[in-house]
Amino acid sequence: MRGATEAINLVAQSFARPLLVAGDEILVSAMEHHSNIVPWQQVCRQTGAVLKVVPINEAGEFVFFRVRAFCWGRARAWWR
């Protein structure tokens, strides 16, 4: 592994892509670095999953009551 970008691509392509189906949701935050968004965009195009961006407030903080709203539906949590 050469770095974080390569690691995220590896996780997205080899772990997440086989598990995702059309309509599943992938959550990223609005403060993510570009290198963490692109692999998920690619996986969404390949699988039909939907990329959702969790908002932040003017101070750059998560709005936690808004985050909860994103955790319903087809969002998956593989760490359970």
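The analysis underlying the following values was restricted to heavy atoms, covering all of them including side chains, and did not include hydrogens, waters or symmetry mates. Start at 1 with the first residue, then count along the sequence.
- Residues Val43 and Ala12 share a closest heavy-atom pair of CG2-O, 3.4 Å.
- Rounding to the nearest 0.5 angstrom, the gap separating the CD1 atom in Ile26 from the OG1 atom in Thr47 is 6.0 Å.
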- Message: Before you tell me yes or no, could you show the steps for Leu27 and Val53 under side chain to side chain contact (heavy atoms under 4.5 Å, CB included), namely the whole-Å CA-CA distance, both residues' side-chain angles and the distance that decides it to 0.1 Å?
- Response: CA-CA 6 Å; Leu27 306 180; Val53 180; over 6 Å; no
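- Between atom CD of residue Gln13 and atom CD of residue Gln42 there is a gap of 6.5 Å, rounded to the nearest 0.5 Å.
- Of the inter-residue distances, the one linking His34 atom NE2 with Asn36 atom CG reads 11.0 Å to the nearest 0.5 angstrom.
- Between Met31 and Gly60, the closest heavy-atom pair is CE-O, 3.5 Å.
- The backbone N or O of Val21 sits less than 3.5 Å from a side-chain atom of Asp24, completing a donor-acceptor pair.
- Atom CG of residue Asn9 and atom CH2 of residue Trp40 lie 9.0 Å apart, to the nearest 0.5 angstrom.
- Taking CD of Glu25 as the start and SG of Cys44 as the end, the distance is 10.0 Å to the nearest 0.5 Å.
- Glu32 contributes no side-chain N or O that, together with a main-chain N or O of Val28, makes up a donor-acceptor pair within less than 3.5 Å.
- The cluster map of Ile, Leu, Val, Met, Phe, Trp and Tyr, joined by side-chain heavy atoms under 4.5 Å apart, puts Val54 and Val38 in different clusters.
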